[in-house]
Number of protein chains: 2
Amino acid sequence: MKVLIVEDDPLHRSYLHEAVCSALPECETVIEAENGIAGEQLARDHKSAHIVMDLQMTGRNGIEAARTIWKERPDTRILFWSNYSDEAYVRGVSRIVPDGAAYGYVLKSASDERLKLALRSIFVESQCVIDREVRGLQQKSIGHANSFTDSEYEILVDIALGLTDRAIAKRRNLSLRSVQNRLQHLYDKLDVYQASPEDRLDSQFNLRARAVTVAFLRKLLNYSALERAEAELQDWLNDQS
Amino acid sequence: MKVLIVEDDPLHRSYLHEAVCSALPECETVIEAENGIAGEQLARDHKSAHIVMDLQMTGRNGIEAARTIWKERPDTRILFWSNYSDEAYVRGVSRIVPDGAAYGYVLKSASDERLKLALRSIFVESQCVIDREVRGLQQKSIGHANSFTDSEYEILVDIALGLTDRAIAKRRNLSLRSVQNRLQHLYDKLDVYQASPEDRLDSQFNLRARAVTVAFLRKLLNYSALERAEAELQDWLNDQS
DNA sequence: TCGCGTCTTGCGTAAACCCGCATCCCCTCG
DNA sequence: CGAGGGGATGCGGGTTTACGCAAGACGCGA
């Protein structure tokens, strides 16, 4: 068995290395990459390797790297090991995982035990292991109450990128009014309407900008999500030319 | 000599602990805190302690913690040890450092040597040690060309929070037009006007939202800055009531 | 096949934004 | 002390947003 570790923090990398060796005695090779690009390359070079991947890396982040790796070899087993359980990450991951792939998501705050167990479950038993906390988010993200549908999330990203209603309409193939319609749903769900109930009507807030802010504060969006979205946007803009 | 370490990642914490012991043999006590709140408390309990602090922590982050610590004891020596050199962090730190205080800012990517040298310089020699890369930012942030004045930064934060022009005017004691004036300067500097020169005039972008986005992508803003700004905003809103 | 909820569109309006043009005020520099 | 530059304001108007109202469109069980 081979394991590829993709993690940019040297301390965490060596900790992982040790954890892998101790949890998987049958593993004879451990390879390390310190960023997403190198990780993709090494994954190509070592076709049979299982992967442990950090999500937050500078440059090419874990989600992007995982996407290209899975694109080339969908049955790769990947364990995401992250500091955070931002909804943006969780959503990002579940958006790219191929059907039937075995993968995992454990938080860095988890105990040694938990990490080792996850390593064995995924790489030996081919089981999915999702951290309880992350799982909670996924559930909520599907159960419709107070959570976000894909179309709402989509439009959230679009305004976060700074597109106009018109541009969104063009991009998503909708009428102007539909875009605005979706926006209203978004505003409702994000509860952007200032907590001041019987306060004066001057709402103080620019709904569009405020929506992005509260999404950020709620971890619905984060830097990495924005970065990816911006890249996609640029692609689209080029196609448009 | 006493040293207080404030850092939420256990691996980094123990690494720091070791670095401190080896760089400062004269240090007889090392105390650890795993978040900002605990850090503030321990700083109160150990008046003479020097501090090494992480910036990015969940809950109360390093900048907030440092601010209250410095408020109570302005001559405390603090070494910030961070993963990033986002302009938002650099700006946040230099905004709160008291006159004449000895402090430091080194990146986690720095070598052992660099870290140990910084520890000795600050805690023994009372010198300021700013990482070269961070220093670069600070300079640029003062040299006016293509950098941001405080008033521009201020209004950037305000729109990032989602305030309307009117609300900003009230908050900053400006006329509506002045707010819009500053906004235009901001848009200029952020170069929000779509890179498409001779492209069709439909600018695709909602300037206000786009400005926030590019500020984020350029690390002029980050989560922690938003969080702080939001807290200040809430205070202000309450005063308004 | 009917009925119902959800999503999409149009129309129309009031409010918020973006911004060129033109004063004023204040500070600095020669 | 006068010239010049930068920021604060007013005025005016063209755009874009936010959103109520209402008519279709689509899908899905009874």
Side-chain angles (χ1 to χ4, degrees), chain A residues 142-194 196 199-215, chain B residues 142-156 158-194 199-215:
Chain A
I142 295 172
H144 40 228
N146 126 335
S147 67
F148 294 81
T149 69
D150 284 340
S151 73
E152 282 155 354
Y153 186 73
E154 198 177 64
I155 204 162
L156 169 61
V157 171
D158 284 339
I159 60 171
L161 286 172
L163 293 171
T164 62
D165 292 4
R166 192 186 316 285
I168 299 175
K170 208 182 308 171
R171 184 175 187 199
R172 304 300 184 186
N173 278 99
L174 288 172
S175 74
L176 226 195
R177 188 61 182 86
S178 292
V179 172
Q180 298 173 330
N181 200 6
R182 290 188 177 187
L183 278 175
Q184 279 182 256
H185 289 313
L186 183 68
Y187 298 155
D188 278 348
K189 286 226 180 142
L190 284 174
D191 195 26
V192 164
Y193 304 97
Q194 173 68 315
S196 57
D199 218 344
R200 55 219 153 295
L201 7 159
D202 59 344
S203 32
Q204 315 257 201
F205 285 125
N206 174 314
L207 299 182
R208 176 179 285 249
R210 184 65 181 167
V212 176
T213 308
V214 321
Chain B
I142 294 173
H144 38 230
N146 130 332
S147 68
F148 294 81
T149 69
D150 283 341
S151 72
E152 282 155 353
Y153 187 74
E154 199 177 63
I155 204 161
L156 168 61
D158 284 339
I159 60 171
L161 285 172
L163 293 172
T164 62
D165 291 4
R166 192 186 313 285
I168 299 175
K170 209 182 308 174
R171 185 175 185 198
R172 304 299 183 187
N173 277 98
L174 290 171
S175 74
L176 226 194
R177 188 60 182 85
S178 294
V179 172
Q180 298 174 331
N181 201 7
R182 289 189 178 187
L183 278 176
Q184 279 180 253
H185 289 311
L186 182 69
Y187 297 154
D188 279 347
K189 286 228 178 137
L190 283 175
D191 194 25
V192 164
Y193 303 97
Q194 174 70 314
D199 216 343
R200 56 219 153 295
L201 8 158
D202 61 344
S203 32
Q204 315 255 193
F205 285 125
N206 174 314
L207 300 182
R208 175 179 287 247
R210 185 64 182 167
V212 176
T213 308
V214 320

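Below, chain A is the first sequence line, B the second, and so on; all start at residue 1.
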Novice: Mind calculating the distance between CZ (Phe205(A)) and P (dA15(C)) to the nearest angstrom?
Specialist: 20 Å
Novice: Take the protein atom CG of Leu190(B) and the nucleotide atom P of dC18(C), then report the distance between them rounded to whole Å.
Specialist: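 One finds 13 Å between P of dC18(C) and CG of Leu190(B), rounded.
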Novice: Can any side-chain N or O of Arg210(A) pair as donor or acceptor with the backbone N or O of Leu161(B) at less than 3.5 Å?
Specialist: yes
Novice: Ser178(B) has a side chain; which of dT9(D), dT8(C), dG10(C) sits nearest to it?
Specialist: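 The answer is dT9(D), which lies nearest to the side chain.
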Novice: Looking only at the side chain of Tyr187(B) (C-beta and beyond, no hydrogens), which of the listed nucleotides dA18(D), dA8(D), dC18(C) gets closest?
Specialist: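 Comparing dA18(D), dA8(D), dC18(C) against the side chain of Tyr187(B), the answer is dC18(C).
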Novice: Check side chain to side chain donor-acceptor pair (under 3.5 Å) between Asn206(A) and all other residues, then give those that pass, not counting sequence neighbours.
Specialist: none
Novice: Could you state the CG-P distance from Leu183(B) to dT15(D), rounded to the nearest angstrom?
Specialist: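 Interatomic distance, CG of Leu183(B) to P of dT15(D): 20 Å.
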Novice: For Asn173(B) and Asn206(B), find the nucleotide of DNA chain D closest to each by heavy atoms; which residue's nucleotide sits nearer the 5' end?
Specialist: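 The residue whose closest nucleotide sits nearer the 5' end is Asn173(B).
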Novice: Would you say the side chain of Gln180(B) and the base of dC17(C) hold a donor-acceptor pair, judged only by whether the two atoms sit under 3.5 Å apart?
Specialist: no
Novice: Select one nucleotide: of dA18(D), dG20(D), dC19(C), the one nearest the side-chain heavy atoms of Leu207(A).
Specialist: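 Taking heavy atoms from C-beta onward, the closest nucleotide is dA18(D).
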Novice: Could you check whether any side-chain heavy atom of Ile168(B) comes within less than 4.5 Å of a side-chain heavy atom of Leu174(B), counting everything from C-beta outward?
Specialist: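 When only atoms from C-beta onward are counted, Leu174(B) and Ile168(B) do not touch, as no gap falls below 4.5 Å.
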Novice: Looking at the side chain of Tyr193(A), which of dT8(C), dC18(C), dC19(D) is the nearest nucleotide?
Specialist: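 Selected nucleotide: dC19(D).
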Novice: Under 4.0 Å between any heavy atoms, over every strand shown, what does Thr164(B) touch: base, sugar-phosphate, or nothing? Just pick one.
Specialist: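 It contacts sugar-phosphate atoms only.
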Novice: Could you tell me the separation between the NE2 atom of His185(B) and the P atom of dC17(C), rounded to a whole number of Å?
Specialist: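 Answer to the nearest Å: 18 Å.
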Novice: Assess the residue pair Leu186(B) and Ile159(B) against the criterion (side chain to side chain contact (heavy atoms under 4.5 Å, CB included)); give the C-alpha distance rounded to whole Å, side-chain angles, the decisive distance to 0.1 Å, and a yes or no.
Specialist: CA-CA 11 Å; Leu186(B) 182 69; Ile159(B) 60 171; 4.0 Å; yes
Novice: Take Leu163(A) and Arg177(A), find for each the nucleotide of DNA chain D with the closest heavy atom, and name the residue whose nucleotide sits nearer the 5' end.
Specialist: Leu163(A)
Novice: Is a donor-acceptor contact shorter than 3.5 angstrom present between the side chain of Gln184(B) and the base of dC18(C)?
Specialist: no
Novice: Taking any heavy-atom pair under 4.0 Å as a contact, classify Leu176(B): base, sugar-phosphate, or nothing.
Specialist: nothing
Novice: Do Thr149(A) and Arg182(A) have side-chain heavy atoms sitting under 4.5 Å apart?
Specialist: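 Sidechains of Arg182(A) and Thr149(A): no contact.
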